[in-house]
Amino acid sequence: MEAHNRELYLYKRLNAQVLGVSMDDPITNKLFAESLDLQFPILSNILPWMGMRYGAYSHKKPFLPDGSPMWFGRRTVIIDRNGIVRYIKNGSPDVKEILSFLLELEKEFRGVK
């Protein structure tokens, strides 16, 4: 989240909107965003429809190293201007990779080769 916040100006230059999504309630998300001074929205997805839609929620209950179930996994999802999912990656975000991908999408949109 903090890395996205630092590079927010680059995302904006590439016509991208950063959103965080959490299964936490809105008040918890608000406090979390304030604690990190995040400059982008954090959405509450208490019912996991969004996580299910973009592959971040599992009914199969994968387990964390301590043996507890993990219902929601960290994913980076990029959706293009037409609403098509173009990129999904598990784990912590790689900002450099994301920015490179967004640059390619922007070139594609503008018809640049």
Side-chain angles (χ1 to χ4, degrees):
M1 295 284 188
E2 292 164 299
H4 292 311
N5 211 43
R6 279 191 305 274
E7 306 299 341
L8 204 54
Y9 72 101
L10 292 172
Y11 289 122
K12 288 179 182 179
R13 288 185 67 189
L14 294 169
N15 297 306
Q17 171 65 54
V18 175
L19 300 172
V21 179
S22 171
M23 289 183 71
D24 291 327
D25 62 89
I27 293 170
T28 300
N29 285 338
K30 182 177 187 261
L31 294 172
F32 174 74
E34 288 173 354
S35 75
L36 296 177
D37 193 29
L38 297 180
Q39 302 300 307
F40 55 87
I42 305 294
L43 307 177
S44 288
N45 184 43
I46 295 169
L47 299 175
W49 68 269
M50 192 178 300
M52 292 168 73
R53 171 69 173 91
Y54 297 114
Y57 178 86
S58 175
H59 289 290
K60 296 178 183 174
K61 292 190 279 188
F63 291 92
L64 296 171
D66 67 1
S68 59
M70 180 181 70
W71 294 97
F72 197 78
R74 182 174 286 182
R75 306 279 188 281
T76 299
V77 179
I78 297 175
I79 304 166
D80 72 12
R81 296 168 191 231
N82 297 315
I84 299 169
V85 175
R86 298 288 298 267
Y87 174 101
I88 297 177
K89 186 165 184 184
N90 297 337
S92 294
D94 179 333
V95 174
K96 184 177 178 181
E97 182 179 313
I98 293 166
L99 289 169
S100 293
F101 189 84
L102 289 172
L103 182 59
E104 291 304 313
L105 276 181
E106 189 64 16
K107 286 179 183 176
E108 181 181 310
F109 178 75
R110 296 183 185 280
V112 177
K113 294 185 182 197

Phe40 and His4 aromatic ring geometry - parallel, tilted or perpendicular at 30°/60° bounds = perpendicular
Are Val21 and Leu36 connected in a single hydrophobic cluster, I mean Ile/Leu/Val/Met/Phe/Trp/Tyr linked by side-chain heavy atoms less than 4.5 Å apart?
-> no
Do you know the tightest heavy-atom contact between Ala16 and Leu102?
-> CB-CD1, 3.8 Å
Which heavy-atom pair separates Val18 from Pro41 by the least distance, and what is that distance?
-> O-CD, 3.6 Å
With sequence neighbours left out, write down each residue that passes salt bridge (charged side-chain N to carboxylate O under 4.0 Å, His left out) with Glu2, or none if nothing qualifies.
-> none
Look up atom NZ in Lys107 and atom CG in Leu14, then write down how far apart they are to the nearest 0.5 Å.
-> 10.5 Å
CG/Leu103 to CZ/Arg13 distance, rounded to the nearest 0.5 angstrom?
-> 10.5 Å
Asn5 side chain to Asp37 backbone, donor-acceptor under 3.5 Å = yes
Determine the minimum heavy-atom distance between Ile42 and Leu38, stating which atoms define it.
-> CD1-CD1, 3.8 Å
Nearest heavy-atom pair of Ser44 and Pro26: which atoms, and what distance?
-> OG-N, 3.0 Å
Measure the CG-CD1 distance between Leu105 and Ile79 for me, rounded to the nearest 0.5 Å.
-> 11.5 Å
Side chain proximity check, Phe101 to Ile78, heavy atoms < 4.5 angstrom = yes
Close side-chain approach of Phe109 and Asn82, heavy atoms under 4.5 Å = no
What do you reckon, is CD1 of Ile27 surrounded by more than 12 foreign heavy atoms closer than 6.0 Å?
-> no
Evaluate the side chain to side chain contact (heavy atoms under 4.5 Å, CB included) criterion for residues Asn15 and Arg81: first the C-alpha distance (whole Å), next the side-chain angles of each, then the deciding distance (0.1 Å), finally the verdict.
-> CA-CA 9 Å; Asn15 297 306; Arg81 296 168 191 231; 3.3 Å; yes
Following the transitive rule for hydrophobic clusters with a side-chain heavy-atom cut-off under 4.5 Å over Ile, Leu, Val, Met, Phe, Trp and Tyr, establish whether Val77 and Met1 coincide in one cluster.
-> no
Given the rule that I, L, V, M, F, W and Y join up when any side-chain heavy atoms are under 4.5 Å apart, are Leu19 and Phe32 in one cluster?
-> no
Side chains of Ile98 and Glu7: closer than 4.5 Å at any heavy-atom pair?
-> no
What residues form a salt bridge (charged side-chain N to carboxylate O under 4.0 Å, His left out) with Asp80, not counting sequence neighbours?
-> Arg86
